[in-house]
Amino acid sequence: MSSEYKTRRTFAIISHPDAGKTTLTEKLLLTGGAIRMAGAVKTRGDARRARSDWMKIEQERGISVTSSVMTFEYDGKTCNLLDTPGHEDFSEDTYRTLTAVDSAIMVIDAAKGIESQTRKLFEVCRLRDIPIITFVNKVDREGRDAFEVMDEIQEALALDVTPMVWPVGMGTDFKGCYDLVNNIYHTSSRQGGGYDTKIACSGLDDSQLDDLVPSGILEPMRENAELAVAGYPEFDLTSYREGHLTPVIFGSALKDYSIEPLINFIVKNAPEPRPSQAASRSVEPAEDKVSGFIFKVQANMDKNHRDRVAFMRLCSGSFKRGMKLKQVRTGKDVQMHSPIFFLAQDREIADDASPGDVIGIPNHGTVRVGDTFTEGEALKFTGLPAFAPEILRRVRLGDSTRIKQLRSALEDFAEEGLIQVFKPAIGSNWIVGVVGILQLDVLADRGKAEYKIDISYEPIPYQLANWVKADDPIKLKAFLDANRNNIVHDRDDRPVFLSKSPWELNYTTEKNPDIQFLKTRELD
Ligand code: G4P
């Protein structure tokens with residue numbers, strides 16, 4: 001039994017767009033001497049350009065639409081940082097990424113506080129009891145009063161808050177940050193510069209501070225920090241790990257403030273890989289046999305080869321390159337002869353992976369989101385939802401001779417979780433379902449860049465899509481036959497009922513008590 005997994009810290013950053021997630025990610029990677037980004041897998045020149053091609057949309061709109069895995073070592077621990085797309089339209093992908101982490105960093109803009117996307121992502125973390133550390137970013141700018149931010153987190157998210165690092169001035173008065181746990185003052189040797197100086201103090205009343213910070217800033221800071229320490233609950237590891245308490249660190253990702261306390265906290269206190277819930281039992285990371293699940297599939301990382309990479313989070317055992325694992329859904333054994341490790345700096349460690357790590361499995365469409373891999377046991381990890389789409393459109397193809405390419409594009413993107421594809425029982429045009437409107441633009445853009453197809457959309461009179469199920473197959477068939485106009489099939493040929501309004505859905509539900517209408521279905 002290997003205990004290597006205890007050194008793993010697998011986490012994600014959740015935030016509202018613009019709060020500073022990208023900047024913080026970069027700074028964490030720099031501090032940890034980053035190894036490699038998943039986006040750079042197989043980065044032959046052309047491939048890299050291809051990837052940035054379809055990321056054009058991200059640049060134009062200043063949002064991040066892909067998630068990736070970044071691994072770095074810090075203080076004897078291996079940190080796996082799973083990036084989550086920052087835009088609210090990509091919730092499905094993001095939700096799935098959050099099923100693969102053990103903890104999260106929540107980044108908040110000091111001037112804006114808790115924003116809509118932060119709240120949504122937080123709710124997902126809460127559902128899964130994922131512990132969260134909060135980073136209040138941009139204290140070098142004019143922001144809200146620190147107490148106001150602390151109280152907002154406490155009230156809006158119903159969490160206990162513990163101040164760990166407190167700002168020394170804000171905006172034009174910003175002088176640095178004070179680490180309340182270790183009594184260290186972080187400042188800059190240059191007026192308004194980035195963090196480069198650390199001063200060990202005996203406490204908030206240390207006289208060194210009087211020489212370094214103008215009294216008009218120091219005195220209120222001392223008073224407030226003391227009040228904060230006395231007024232908010234003390235840090236409690238169990239409470240944090242159970243998701244009831246969030247430690248709060250004020251800092252500036254741009255100016256390097258509080259990156260060290262943040263990463264130190266993660267390696268010291270964030271949980272090691274936790275047990276994973278499968279349908280039949282809970283799987284402990286310390287178990288000997290390897291198991292893992294796929295939380296993401298990325299198509300076309302290399303434009304020249306229609307490859308896909310499936311991202312597998314390891315849940316137990318010691319993974320070795322070349323081993324055979326059973327894909328539980330199909331019952332097939334798959335040899336892992338060319339897994340991609342995101343720990344690619346050092347080839348020797350790269351041949352093994354431990355629970356908490358993420359492995360890329362190149363494949364040609366045979367591996368799906370939600371797949372479980374094991375050394376033989378018929379396990380099925382739970383908790384990977386597929387969401388009912390909120391926007392439905394019929395797809396129109398510009399050049400009808402490219403129908404084959406359209407089919408592969410839709411299949412590939414459905415595989416990635418970008419869209420859901422439905423085939424009507426009557427008529428021949430595909431219907432796509434998305435959670436946010438931006439996904440339609442991404443689909444059109446990537447269709448053009450990667451499959452050379454021109455896609456446009458037509459509205460359809462339906463608003464809601466629900467999977468239908470019944471215990472009695474005869475009753476199900478009767479329902480499907482009677483409602484042929486409203487029935488489509490998903491890519492696994494499961495029937496889906498389209499309704500024009502919540503009213504219609506309610507009405508149909510009441511009329512058909514033997515049929516279940518499902519908003520999500522667990523992937524299988
Ligand atoms: P995101 O991934 O969460 O969307 O945020 P990102 O890191 O891209 O940061 C959004 C903007 O906020 C960036 O400005 C970034 O430089 C700025 N920013 C991030 N951290 C800090 C910080 O600690 N202090 C200050 N003052 N700014 C910060 P931008 O994209 O460069 O916009 P622009 O200002 O260049 O137009």
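In each ligand, atom 1 is the first atom listed, and ligand 1 is the first ligand listed.
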- For side-chain hydrogen bond (donor to acceptor under 3.5 Å, both in side chains), just list the numbers for D412 and S408, CA-CA rounded to whole Å, side-chain angles, deciding distance to a tenth of an Å, and then say yes or no. CA-CA 6 Å; D412 286 353; S408 358; 5.8 Å; no
- Item | Residue T23 vicinity, atoms of ligand 1 by number, heavy atom under 4.0 Å |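 Ligand 1 atoms under the 4.0 Å threshold to T23: 6 (P), 7 (O), 9 (O), 15 (C), 19 (C).
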- Subset of ligand 1 atoms that lie under 4.0 Å from at least one heavy atom of S252: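 The list of qualifying atoms is 22 (C), 23 (O), 24 (N).
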- Item | Contacts of type side-chain contact (heavy atoms from CB on, under 4.5 Å), residue V229, not counting sequence neighbours |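 Per chain and number, V229 pairs via side-chain contact (heavy atoms from CB on, under 4.5 Å) with L180.
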When you compare ligand 1 with [X], is there at least one nitrogen or oxygen pair between them that comes in under 3.5 angstrom?
X	answer
K255	no
L254	yes
G20	yes
P17	no

- Are any side-chain N or O atoms of Y457 and backbone N or O atoms of L440, one a donor and one an acceptor, separated by less than 3.5 Å?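 Confirmed, Y457 side chain pairs with L440 backbone.
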- Query: What side-chain hydrogen bond (donor to acceptor under 3.5 Å, both in side chains) pairs are there with at least one residue in residues 211-227, not counting sequence neighbours?
  - Reply: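 Every pair satisfying side-chain hydrogen bond (donor to acceptor under 3.5 Å, both in side chains) with a residue in residues 211-227: D210-R222, E219-R222.
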- Charged N to carboxylate O under 4.0 angstrom, R313 versus D102?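 Yes.
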- Determine whether the side chain, the backbone, both or neither of D18 has a heavy atom under 4.0 Å from any heavy atom of ligand 1.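 It is both parts that get close, each with some atom under 4.0 Å.
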- Pick one of side chain, backbone, both or neither for how K21 approaches ligand 1, counting any non-hydrogen atom pair under 4.0 Å.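 Near ligand 1, K21 shows its backbone as well as its side chain.
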- Minimum side-chain heavy-atom gap D109-N137 below 4.5 Å: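 Result no, sub-4.5 Å side-chain heavy-atom pair not found.
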